[in-house]
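All heavy atoms count here, side chains included; hydrogens, waters and symmetry mates do not. Keep in mind that what you see is a predicted model, and the values were worked out from it rather than measured.
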Amino acid sequence: MAKTPAQRIKKHGANAAVPQHHLPSVVNPTTQRSPEKAQSNAKLVVIAGVVASLLLFWYVHLLTLNQMTQLSGGMAMPDSLIGGFSTDYIQQLHSAMNDDARGQLSYIHKTAGTLFPLIFGFTWLLLIGTNVAGKALRWILWAAPLLFAVVRLWSNVAVDAALGSAVPDAGQVALASMLTVLGWVLFLLSIFAGGAAVFMGRRRSTSA
């Protein structure tokens, strides 16, 4: 029977030969990802985000806000007015909508109206980040989707505040109108930035 290390030391003293035990490596080679695999995973996330953004845009602007015109005597919701709106328009819209209708619009702003800019902004940040190598250029292109998400969320709150009073405050209406117009401009700039990033990514891959 083989002696234990303690028994060998007791018998032979300091001259005892104690076998060395080596712990197995804890590194799992299957967890190592190549840059190509990481890039592929990022592209899958971007594709999923683009699809989700398209569905949310359709749901908010082409479906729900259009259906809201049935509760406002045919008047468009402020979010759909790319060119902005006036205090008179908000006052007329307030009169055309009852409390339930205004509550439904506010609910849209808090649900799908919040998810759309957040998912769109995150997707476009990832889209630009995976296709643009230059740090300075990446931050320039990131500015549009980042600002869009902030402005769009702010405009949701501003529209609800402007529409909540029977006698709208001119300052609130002007802010809501400005944010709505700015949101549409930033949305279009974000689309352009995303297209430019994809073009640069393809150009870089073909030249590599």
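- Here the straight-line distance linking atom CZ of Phe120 with atom OG1 of Thr123 works out to 8.0 Å at 0.5 Å rounding.
- Two residues are said to be in side-chain contact when any heavy atoms from C-beta on lie closer than 4.5 Å; Asn156 and Asp79 meet this criterion.
- Distance NZ/Lys43 to CG/Leu126: 11.5 Å, rounded to 0.5 Å.
- Here the side chain of Ser106 pairs no donor or acceptor atom with the backbone of Arg102 at under 3.5 angstrom.
- Taking CG from Leu105 and CG from Leu65, the interatomic distance works out to 7.0 Å, rounded to the nearest 0.5 Å.
- A distance of 8.5 Å separates CZ of Phe116 from CG of Leu54, quoted to the nearest 0.5 Å.
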> Step by step, would you call Ile108 with Met77 a side-chain contact (heavy atoms from CB on, under 4.5 Å)?
Replying inline: CA-CA 11 Å; Ile108 294 170; Met77 296 298 103; over 6 Å; no
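- Between the side chain of Trp124 and the main chain of Leu146, no donor-acceptor pair closer than 3.5 Å is present.
- Both Val46 and Ile191 belong to a common hydrophobic cluster when Ile, Leu, Val, Met, Phe, Trp and Tyr are linked at side-chain heavy-atom distances under 4.5 angstrom.
- The distance from atom NE2 of His61 to atom CG of Leu56, rounded to the nearest 0.5 Å, is 10.0 Å.
- For the atom pair OG of Ser80 and CG of Asn66, the computed distance is 6.5 Å after rounding to the nearest 0.5 Å.
- Under the 4.5 Å side-chain heavy-atom criterion for ILVMFWY residues, no single connected hydrophobic cluster contains both Val198 and Leu141.
- For the pair Thr114 (side chain) and His109 (backbone), a donor-acceptor distance under 3.5 Å is present.
- Ser155 contributes no side-chain N or O that, together with a main-chain N or O of Thr180, makes up a donor-acceptor pair within less than 3.5 Å.
- The closest donor-acceptor contact from the side chain of Ser177 to the backbone of Ala174 lies at 3.5 Å or more, if one exists at all.
- More than 12 heavy atoms of other residues, nucleotides or ligands lie within 6.0 Å of OH in Tyr89, so this atom counts as buried by the packing criterion.
- Leu62 and Leu71 end up in the same hydrophobic cluster when Ile, Leu, Val, Met, Phe, Trp and Tyr side chains are linked at under 4.5 Å.
- Proximity of Val60 to Leu115: side-chain heavy atoms (C-beta onward) are nowhere separated by under 4.5 Å.
- When atom types are taken as modelled, the side chain of Ser95 and the backbone of Gln91 share a donor-acceptor pair closer than 3.5 angstrom.
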> Between Val45 and Phe122, does a side-chain contact (heavy atoms from CB on, under 4.5 Å) hold up when you go through it step by step?
Replying inline: CA-CA 10 Å; Val45 175; Phe122 171 78; 4.3 Å; yes
>> Run Phe57 and Phe187 through side-chain contact (heavy atoms from CB on, under 4.5 Å) and show every step you take.
In response: CA-CA 11 Å; Phe57 180 86; Phe187 177 71; 4.0 Å; yes
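- In terms of modelled atom types and a separation under 3.5 Å, the side chain of Thr111 and the main chain of Tyr107 share a donor-acceptor contact.
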>> As a quick check of understanding, evaluate side-chain contact (heavy atoms from CB on, under 4.5 Å) for Met97 and Met68, giving each step before the final call.
In response: CA-CA 10 Å; Met97 299 173 70; Met68 287 293 298; 3.8 Å; yes
